[in-house]
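Quick note on labels: first sequence line is chain A, next is B, and so on, each numbered from 1.
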Protein chains: 2
Amino acid sequence: MTRSEENYLKTIFHLGGGDSKSITTNAIAEQMETKPSSVTDMAKKLSEKGLVDYVRYQGVSLTEVGVKTALSIIRKHRLWEVFLVKKLDFTWDEVHEVAEQLEHIKSEKLIDKLDELLDFPKYDPHGDPIPTKDGKFQERDEKLLSEIPINSQGVCVGVKDSSVPFLKFLDKNKIALGNTIKVLDKEDFDNSLRIQMEGKEMRISHQIAANLYVKKND
Amino acid sequence: MTRSEENYLKTIFHLGGGDSKSITTNAIAEQMETKPSSVTDMAKKLSEKGLVDYVRYQGVSLTEVGVKTALSIIRKHRLWEVFLVKKLDFTWDEVHEVAEQLEHIKSEKLIDKLDELLDFPKYDPHGDPIPTKDGKFQERDEKLLSEIPINSQGVCVGVKDSSVPFLKFLDKNKIALGNTIKVLDKEDFDNSLRIQMEGKEMRISHQIAANLYVKKND
DNA sequence: ATCTATTTTTAGCTTTGTCTAAATTTAATT
DNA sequence: AATTAAATTTAGACAAAGCTAAAAATAGAT
Ligand SMILES: [Mn+2]
Ligand SMILES: [Mn+2]
Ligand SMILES: [Mn+2]
Ligand SMILES: [Mn+2]
């Protein structure tokens, strides 16, 4: 497996190609900031190798082996992110870029031992689940903050958008994973929310609320 | 800097090309298990980039920038080796291969923080010195065990040959860095040594003694 | 100084992964 | 059903890094 092949598999998985859904070459190209023609070439190669099902003009989806491979890369990516935050004091907006490199290191022992060092974490710094060694996801009953009813509350457990600007915005506003958030009120006009978090009241836009996952604790 | 360029610089450094000594393309090719013609191509490229001085038919040596770059890669390699042993319980014969991959990860913060996590180690698991951030080596007054006189003793501080078979041999015979070794006798016939180590007496061949560094403690 | 063996370079080919531009297929619209 | 727009693939090119085989330069030995 080359680094490029691994990145394609990961992208296809993230676009939903793990559920035998067909992902278009255009969608992959856009996500990877490359050209559709390059994606076509890689689709053929991955298909040759039995990692994707590819039908000309119809797009690709991951085979069982393809899913397994993608999950192992995602597992590595997220474990490294945890390592960077927990052991090397990186902030959650700094880890992704480095993890993009580290995820391609080939050593099964390395990743097993890293998992152990980190005490077998279930989620990465952005709240994304870490697949187990045998490719299982620990699902969690989580909802977008924008979708829970007024007066209900939950613990913030993840972000949907994990772009650097969004993460920095959250830091600036002291919104962190683990915080308990209660929805006090919704504004019909712009869908903004009045919330209570860690004792304080604040107002957040719909765009923010629609990118925060909470686990309702009722 | 590509991974390949980095590997060439590291190899040239290890062959002595840091002291403006000319290293032949053949020597580099042999070390890297590649062909001389490939080395020539890379020599031209690295020369273009100002990392080596290259004179056709005469070989290459590292420029100042080339040395600095090589040292930073060696620094990363050795710090990762320490990490693998100290934090992930790798044995000293397992680390090199993985470090060969990890040394190419690009993140200054990562390596600084790793250094800190490891408490700024001065030597790697094989006793090789770790260059500082600004490319300085901490020299150590060490000698090969085969070259110290009878009845003198020293602490084992490093290995010259760090091949897997040699390291495993040392493990099997309980010869470890940190052990104090005293030379009791030399056999003229085959240059083997009778030594005392950690209370026990044993005999070791010249080949072993010529690959162990000791720091004399008198 | 000449010849020869060795080293080194050059020339040309290969693979991987990318691109552009042209051709083709599919999908949408009349 | 025909036309058009959009998506997708093909064809051909390129850069990086490697290889083989042939040519050129160097070094060693007479
Ligand atoms: Mn990430
Ligand atoms: Mn990646
Ligand atoms: Mn090493
Ligand atoms: Mn390397």
Side-chain angles (χ1 to χ4, degrees), chain A residues 1-17 20-62 66 69-70 73 100-101 103-106, chain B residues 1-17 20-62 66 69-70 73 100-101 103-106:
Chain A
M1 289 281 302
T2 68
R3 173 176 301 225
S4 187
E5 287 170 354
E6 290 185 349
N7 284 334
Y8 273 96
L9 290 181
K10 204 177 55 145
T11 300
I12 295 166
F13 182 90
H14 281 135
L15 290 173
S20 57
K21 192 180 112 191
S22 246
I23 310 298
T24 65
T25 46
N26 255 16
I28 297 165
E30 189 176 0
Q31 182 75 19
M32 298 186 72
E33 300 185 74
T34 180
K35 302 292 166 182
S37 55
S38 305
V39 178
T40 300
D41 288 345
M42 186 56 84
K44 286 177 188 164
K45 200 206 302 191
L46 293 175
S47 171
E48 282 296 315
K49 294 196 173 188
L51 294 161
V52 304
D53 292 315
Y54 168 56
V55 184
R56 273 170 68 212
Y57 293 100
Q58 298 305 129
V60 298
S61 61
L62 296 173
T69 310
I73 300 156
E100 281 292 302
Q101 299 178 61
E103 72 190 10
H104 301 292
I105 302 291
K106 279 158 189 64
Chain B
M1 288 283 299
T2 68
R3 172 174 303 224
S4 187
E5 287 169 353
E6 290 185 348
N7 283 333
Y8 273 96
L9 291 181
K10 203 176 56 140
T11 300
I12 296 166
F13 183 89
H14 281 135
L15 291 173
S20 58
K21 190 180 112 191
S22 246
I23 311 299
T24 66
T25 46
N26 256 15
I28 297 166
E30 188 176 0
Q31 181 77 21
M32 297 185 73
E33 300 186 74
T34 181
K35 302 292 166 182
S37 55
S38 305
V39 177
T40 301
D41 287 345
M42 186 56 85
K44 286 177 188 165
K45 200 206 303 192
L46 292 175
S47 170
E48 282 295 317
K49 294 195 173 191
L51 294 161
V52 305
D53 292 316
Y54 168 56
V55 184
R56 271 171 65 204
Y57 292 100
Q58 299 305 130
V60 298
S61 62
L62 296 173
T69 310
I73 300 156
E100 282 292 301
Q101 299 179 60
E103 73 189 9
H104 301 291
I105 301 291
K106 278 157 191 66

Asker: Can you tell me whether the side chain of A:S37 and the base of C:dT20 have a donor-acceptor pair closer than 3.5 Å?
Answerer: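 Counting by modelled atom types and ignoring angles, a donor-acceptor contact under 3.5 Å is found here.
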
Asker: How close or far is atom C1' of D:dA6 from atom CD of A:E30, stated in whole angstroms?
Answerer: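 Those two atoms, CD and C1', are 14 Å apart.
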
Asker: Heavy-atom nearest nucleotide on DNA chain C for B:Y57 versus A:E33: which residue maps closer to 5'?
Answerer: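 Nearer the 5' end of the strand: B:Y57.
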
Asker: Output the rounded distance in Å from NZ (B:K35) to C1' (C:dA11).
Answerer: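 Rounding to the nearest Å, NZ of B:K35 and C1' of C:dA11 are 18 Å apart.
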
Asker: Respond yes when some side-chain nitrogen or oxygen of A:Y8 is under 4.0 Å from OP1 or OP2 of C:dT18, and no when none is.
Answerer: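 Result: yes.
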
Asker: Rounded to the nearest 0.5 Å, what separates atom CD1 in A:I23 from atom OH in A:Y54?
Answerer: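 Here the interatomic distance stands at 14.0 Å.
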
Asker: Classify A:S38 by what it touches in the nucleic acid, base, sugar-phosphate, or nothing, heavy-atom distance under 4.0 Å.
Answerer: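 If one applies the 4.0 Å heavy-atom cut-off, A:S38 turns out to touch a base.
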
Asker: B:M32 CE to D:dC19 P: how many Å, rounded?
Answerer: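 Value for this atom pair: 10 Å.
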
Asker: So, does B:R3 get its side chain near the phosphate of D:dA16, meaning an N or O under 4.0 Å from OP1 or OP2?
Answerer: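 Negative; the distance criterion is not met.
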
Asker: Report yes if some heavy atom in the side chain of A:V52 is under 4.5 Å from a heavy atom in the side chain of A:L9; otherwise report no.
Answerer: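 The answer is yes; the side chains approach within 4.5 Å.
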
Asker: From CG of A:L46 over to C1' of C:dT16, roughly how many Å is that when rounded to an integer?
Answerer: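 Going from CG in A:L46 over to C1' in C:dT16 covers 13 Å.
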
Asker: Could you give the CD1-to-C1' distance, from B:I28 to C:dT7, as a whole number of Å?
Answerer: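 That distance rounds to 13 Å.
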
Asker: Going by side chain to side chain donor-acceptor pair (under 3.5 Å), A:K10 matches just one of A:E100, A:Q31, A:E5. Which one?
Answerer: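 Testing A:K10 for a side chain to side chain donor-acceptor pair (under 3.5 Å) against A:E100, A:Q31, A:E5 leaves exactly one candidate, A:E100.
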
Asker: At what distance, to the nearest 0.5 angstrom, does CG of B:N26 lie from NZ of B:K35?
Answerer: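 So the gap between those two atoms works out to 10.5 Å.
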
Asker: Just compare C:dT18, C:dT10, D:dT8 and give me whichever is closest to any side-chain atom of A:D41.
Answerer: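 Taking heavy atoms from C-beta onward, the closest nucleotide is C:dT18.
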
Asker: Which nucleotide sits closest to the side chain of B:T40: C:dT9, C:dC19, D:dT8?
Answerer: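 Selected nucleotide: C:dT9.
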
Asker: In whole angstrom, what separates A:K44's NZ from D:dT9's P?
Answerer: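 After rounding, the gap between these two atoms is 8 Å.
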
Asker: Whole angstroms only, please: what is the OH-P distance between A:Y54 and D:dT8?
Answerer: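 Taking OH of A:Y54 and P of D:dT8, I get 10 Å after rounding.
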
Asker: When we call it a touch if two heavy atoms are under 4.0 Å apart, what does A:T25 touch: a base, just sugar-phosphate, or nothing?
Answerer: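 The answer is sugar-phosphate, as A:T25 gets under 4.0 Å only of primed atoms, P, OP1 or OP2.
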
Asker: Which nucleotide in the list D:dG18, C:dT8, D:dA16 gets nearest to the side chain of B:M42?
Answerer: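 Output: D:dG18.
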
Asker: So with a 6.0 Å cut-off around CD of B:E30, is the heavy-atom count from everything else above 12?
Answerer: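 Result for CD/B:E30: open.
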
Asker: Measure the distance from CG on B:N26 to C1' on C:dA5 and round it to the nearest whole Å.
Answerer: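 Atom CG in B:N26 sits about 13 Å away from atom C1' in C:dA5.
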
Asker: Please check the phosphate of D:dA24 (OP1 and OP2 only) for any side-chain N or O of B:R56 closer than 4.0 Å.
Answerer: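 Indeed not, no polar side-chain atom of B:R56 lies that close.
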
